[in-house]
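This chain uses plain numbering: 1 for the first residue, then up along the sequence.
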Amino acid sequence: DCFLIREVNKHVAKAKNCIIITGAGISCSAGIPDFISSDGLYNMIKSQYPGVFRSGKDLFDVQLLRTHDTIKGFNLFMGILKELNVNAKPTATHSFIKKLADMKKLKRVYTQNIVNLEELVGFDVNWQFERVKSCKAQVAQLHGTLSKLRCNACTNICPFTPQYCEIFKEGGAPN
């Protein structure tokens with residue numbers, strides 16, 4: 001609706017301090033599906049692992065780590081999501097948010113997204129609580145990031161490089 005867009009523009013133009021809260025919708029036009037739509041990531045995993053996942057939320061439940069099938073499904077999910085992320089480019093919305101930052105109007109972006117498109121437009125992105133709490137990061141990644149992996153066994157952190165996609169898509173995890 002053009003009226004709504006004009007109203008938003010008017011308020012943003014007057015604003016001195018903007019806080020933006022984003023979710024999966026801003027990355028869909030970059031080729032990254034959302035989680036909950038009928039053709040979203042949750043339904044894709046549920047169809048490949050019928051009976052293993054009741055809902056997409058099961059992918060993020062601590063109980064997930066108890067069976068081979070759920071771990072394999074989660075790994076497939078992460079491999080597919082990272083692969084989609086590798087070729088994704090920031091959207092017009094990401095550019096708009098960066099423009100607000102360049103105009104010194106942006107205080108912070110809180111995002112549920114884990115695909116780091118904000119970083120590609122030049123934001124300081126960090127998911128570590130201490131940097132977010134001390135206001136050193138412009139973007140607070142509420143659900144973490146696909147840029148790093150953490151081992152459940154030893155807690156080591158390493159970069160999540162595209163070379164790991166195939167391992168994850170086969171249901172495995174890197175050593």
Subject >> Taking every non-hydrogen atom, the tightest pair across Q138 and A101 >> reply: NE2-CB, 4.0 Å

Original post:
So, do N116 and L120 sit near enough that their side-chain heavy atoms are less than 4.5 Å apart?
Top reply: no

Original post:
Got a donor-acceptor contact below 3.5 angstrom from the N113 side chain to the V115 backbone?
Top reply: no

Original post:
Under 4.5 Å between side-chain heavy atoms, hopping through other hydrophobics if needed: is there a path connecting F96 to V8?
Top reply: yes

**OP:** Supply the atom-to-atom distance L100 CG to K107 NZ, rounded to the nearest 0.5 angstrom.
**Re:** 13.5 Å

**OP:** Applying salt bridge (Lys or Arg N to Asp or Glu O under 4.0 Å) between D102 and each of K105, K98, K99, report the one that passes.
**Re:** K98

Original post:
Counting only N and O atoms by type, is there a donor-acceptor contact under 3.5 Å from the side chain of T67 to the main-chain atoms of T70?
Top reply: yes

Original post:
What is the distance from atom CZ of F160 to atom CG of L149, rounded to the nearest 0.5 Å?
Top reply: 5.0 Å

Subject >> Side-chain heavy atoms of L41 within contact of I45, under 4.5 Å >> reply: no

Original post:
Less than 4.5 Å apart, any side-chain heavy atom of L146 and any of M78?
Top reply: yes

Do any side-chain atoms of residues 12-20 form donor-acceptor pairs under 3.5 angstrom with protein atoms, and if so which ones, sequence neighbours left out?
none

Original post:
Of all heavy-atom pairs between L84 and G31, which one has the smallest distance, and what is that distance?
Top reply: CD2-O, 3.9 Å

**OP:** Measure from the side-chain N and O atoms of H94 to the backbone N and O of T91, and report whether any donor-acceptor pair falls under 3.5 Å.
**Re:** yes

Original post:
Within a strict 4.5 Å, meaning less than it, do heavy atoms of the D39 and P33 side chains meet?
Top reply: no

Just list the side-chain donor-acceptor pairs under 3.5 Å for residues 164-173, sequence neighbours left out, or say none.
residue : atom : partner : partner atom : Å
E166    : OE2  : K169    : NZ           : 3.4
K169    : NZ   : E83     : OE1          : 2.9
K169    : NZ   : E83     : OE2          : 2.9

**OP:** Flag the pair L76 / M44 as yes when at least one side-chain heavy-atom distance between them is below 4.5 Å, and no otherwise.
**Re:** no

Original post:
Closest heavy-atom contact between T111 and E118?
Top reply: OG1-OE2, 3.6 Å

Original post:
For the residue pair Y49 and F53, does the interplanar ring angle fall in the parallel (under 30°), tilted (30 to 60°) or perpendicular (over 60°) class?
Top reply: perpendicular

Original post:
What is the distance from atom OG of S27 to atom CD of Q112, rounded to the nearest 0.5 Å?
Top reply: 11.0 Å

**OP:** May I ask you to decide if C151's main-chain N or O and N156's side chain share a donor-acceptor pair within less than 3.5 Å?
**Re:** no

Original post:
Going by heavy atoms in the side chains, are L117 and V121 under 4.5 Å from each other?
Top reply: no

Original post:
Which value, rounded to the nearest 0.5 Å, describes the distance between N85 atom CG and I80 atom CD1?
Top reply: 13.5 Å

Original post:
With hydrophobic residues grouped by side-chain heavy-atom distances under 4.5 Å, do F123 and M103 end up in a single group?
Top reply: no

Subject >> Interatomic distance, Q141 atom CD to T22 atom OG1 [nearest 0.5 angstrom] >> reply: 9.5 Å

**OP:** Kindly indicate whether the side chain of L59, heavy atoms from C-beta on, has any atom under 4.5 Å from the side chain of F35.
**Re:** no

**OP:** Mind checking the CD1-CD1 spacing from I32 to I26? Nearest 0.5 Å is all I need.
**Re:** 10.0 Å

